[in-house]
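Structure, as structure tokens:
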Amino acid sequence: MSAEPVSRGHLYTSLKKRFSFAGISTPELDARLLLSAACGVDDVGLIAAPDVVVSKDAMTKLEGMVARRIAGEPVSRILGVREFWGLEFALNRGTLDPRPESETIIEAVLKARPDVAAPLRFLDLGTGTGCLLLALVSEYANALGVGVDVSDDAIKAAMRNASLLGFADRVQFMVNDWARGLDGPFDVIVSNPPYIPSADINALAREVKQFDPVAALDGGDDGLDPYRHLMPELPRLLSPAGMAIFEFGKGQGADVARIAIEAGLKVERVICDLAGLERTIIVKL
């Protein structure tokens, strides 16, 4: 970048071109997010004052972020936060970067349990940032929840997010090997477990394979190991009228349904995401 004084507008145009040339799929968005962060302004401030000269400190900060982005690091990792369900979640090395398609789980719960005043009890298996559980308690004012993850780093991130979002008094996070030792009943159980087949990890986009924790991606030889482990646990954890909603990968719907049925569960339905792909499954007792 130029050592001469440069305006926000000029930098924005320059960054878009650099990111596009580097093969980044969202050059405009990435340029705007990183420039806003470096300058300490929001989108409105950035757009409203394009002629403001960027300070040397901001330029130095921006140069570092741009280098990381061109090297493949996602913007969310560079900024340390990701928006999910309209809420902002802090990330760390132990957390999966929340994906928009996982919002299908929240939508499914709201449709199945429309009474948002109900005192529901939630369980989130493999909670990561806590995004699923915290998004749910943000919608259900009288709900309580438990989130578990095998990663100590993930639980630290989830606890921080609960505190920052103001829900720390309604949720409990703990390091745990899935549902081992947990007592029910829970009205709603949600999970976005690892479901990528081990052999497919290296073929993932570099933003995923290099920066998301492998433990949050790798679902074993066929990607189905977590479902084989968790489905048999549900009968003892769910309330009689409870339900569980699991996310799964492309083409895995029939296999996940079979595993649920073999565990004595009833498949309520399979739900597609906005791209039209089967994404989540609802099971009941």
Side-chain angles (χ1 to χ4, degrees), residues 76 81-92 94-195 212-213 215-216 226-227 230 233-234 237-239 242-248 271 279-283:
S76 55
V81 294
R82 162 75 89 161
E83 183 178 303
F84 180 88
W85 200 253
L87 305 172
E88 195 169 84
F89 291 89
L91 310 176
N92 67 22
T95 62
L96 190 71
D97 192 343
R99 296 340 192 241
E101 54 266 30
S102 297
E103 292 184 351
T104 305
I105 292 177
I106 311 302
E107 293 167 353
V109 175
L110 286 167
K111 185 174 182 178
R113 299 287 187 271
D115 181 6
V116 294
L120 299 176
R121 190 169 184 231
F122 295 113
L123 172 63
D124 182 7
L125 296 166
T127 194
T129 61
C131 64
L132 293 179
L133 180 58
L134 294 171
L136 287 170
V137 298
S138 79
E139 295 288 346
Y140 293 87
N142 298 308
L144 302 174
V146 176
V148 302
D149 202 290
V150 72
S151 167
D152 184 64
D153 284 330
I155 291 301
K156 288 177 181 177
M159 292 174 66
R160 180 186 177 198
N161 287 323
S163 179
L164 291 173
L165 293 170
F167 302 128
D169 60 334
R170 295 203 283 130
V171 295
Q172 178 185 4
F173 290 105
M174 65 181 74
V175 177
N176 203 59
D177 182 13
W178 293 117
R180 179 178 295 175
L182 292 182
D183 294 320
F186 293 95
D187 300 298
V188 178
I189 297 175
V190 296
S191 183
N192 177 19
Y195 52 70
D212 276 334
Y227 306 97
L230 290 173
E233 298 274 14
L234 296 184
L237 292 172
L238 281 170
S239 64
M243 67 179 200
I245 305 180
F246 285 73
E247 182 172 329
F248 56 81
I271 304 170
R279 179 61 59 183
T280 57
I281 188 170
I282 300 178
V283 299

Listed partners of F122 passing ring pair (Phe, Tyr, Trp, His ring centres under 6.0 Å), at least two apart: Y140

Where do P226 and P194 come nearest, in terms of heavy atoms and distance? CG-O, 3.1 Å

Least distance between heavy atoms, A162 atom then F173 atom: CB-CE1, 3.8 Å

Interatomic distance, CG@L234 vs CZ@F186, rounded to 0.5 Å, equals 11.5 Å

Measure across L238 and A244 and return the closest heavy-atom pair with its distance rounded to 0.1 Å. CD2-N, 4.2 Å

Side-chain donor-acceptor contacts of residues 99-106 below 3.5 Å, not counting sequence neighbours, with atom names and distances?
{"unit_1": "R99", "atom_1": "NH1", "unit_2": "D97", "atom_2": "O", "d": "2.3"}
{"unit_1": "R99", "atom_1": "NH1", "unit_2": "D212", "atom_2": "OD2", "d": "3.0"}
{"unit_1": "R99", "atom_1": "NH2", "unit_2": "D212", "atom_2": "OD2", "d": "2.6"}
{"unit_1": "S102", "atom_1": "OG", "unit_2": "N192", "atom_2": "ND2", "d": "3.4"}
{"unit_1": "S102", "atom_1": "OG", "unit_2": "E247", "atom_2": "OE1", "d": "2.6"}
{"unit_1": "E103", "atom_1": "OE2", "unit_2": "W85", "atom_2": "N", "d": "2.7"}
{"unit_1": "T104", "atom_1": "OG1", "unit_2": "E101", "atom_2": "O", "d": "2.8"}

Once ring pair (Phe, Tyr, Trp, His ring centres under 6.0 Å) is applied, what residue pairs with a partner in residues 152-172 remain, sequence neighbours excluded? none

Nearest 0.5 Å please: distance from the CG atom of L87 over to the CG atom of N161. 9.5 Å

Residue list, salt bridge (Lys or Arg N to Asp or Glu O under 4.0 Å) with R170, at least two apart or on another chain: none

Applying side chain to side chain donor-acceptor pair (under 3.5 Å), can you list everything that pairs with D124, at least two apart in sequence or on another chain? T127

How far apart are the closest heavy atoms of A90 and A157, and which atoms are they? O-CB, 4.2 Å

Could you tell me the separation between the OH atom of Y227 and the CZ atom of F246, rounded to the nearest 0.5 Å? 8.0 Å

Got V109 and M243 here, is their nearest side-chain heavy-atom distance under 4.5 Å? yes

For D187, give me all partners under salt bridge (Lys or Arg N to Asp or Glu O under 4.0 Å), at least two apart in sequence or on another chain. none

So how far is it from L132 CG to L123 CG, rounded to the nearest 0.5 Å? 11.0 Å

Please list, chain by chain and in numerical order, all residues satisfying salt bridge (Lys or Arg N to Asp or Glu O under 4.0 Å) with D152, sequence neighbours excluded. K156

Which residues pass the side chain to side chain contact (heavy atoms under 4.5 Å, CB included) test with E83, not counting sequence neighbours? none

Do the side chain of S191 and the main chain of L125 share a donor and acceptor less than 3.5 angstrom apart? yes

Sorted by first residue and then second, give each side-chain hydrogen bond (donor to acceptor under 3.5 Å, both in side chains) pair with at least one member in residues 111-121; sequence neighbours left out. none

Separation of L182 CG from M174 CE (nearest 0.5 Å): 6.0 Å

At their closest point, which heavy atom of G147 faces which heavy atom of L133, and how far apart are they? N-CD2, 3.6 Å

Could you pull out all residues at least two apart from N142 that satisfy side chain to side chain donor-acceptor pair (under 3.5 Å)? none

Residues forming a ring pair (Phe, Tyr, Trp, His ring centres under 6.0 Å) with F84, sequence neighbours excluded: none

Qualifying salt bridge (Lys or Arg N to Asp or Glu O under 4.0 Å) pairs, either residue in residues 175-186, two or more places apart: D177-R180

Check whether any side-chain heavy atom of L91 lies under 4.5 Å from a side-chain heavy atom of T129, and answer yes or no. yes

If I take atom CG from residue D149 and atom CD1 from residue I155, how far apart are they, to the nearest 0.5 angstrom? 5.0 Å

Of all heavy-atom pairs between G128 and T95, which one has the smallest distance, and what is that distance? C-CG2, 3.9 Å

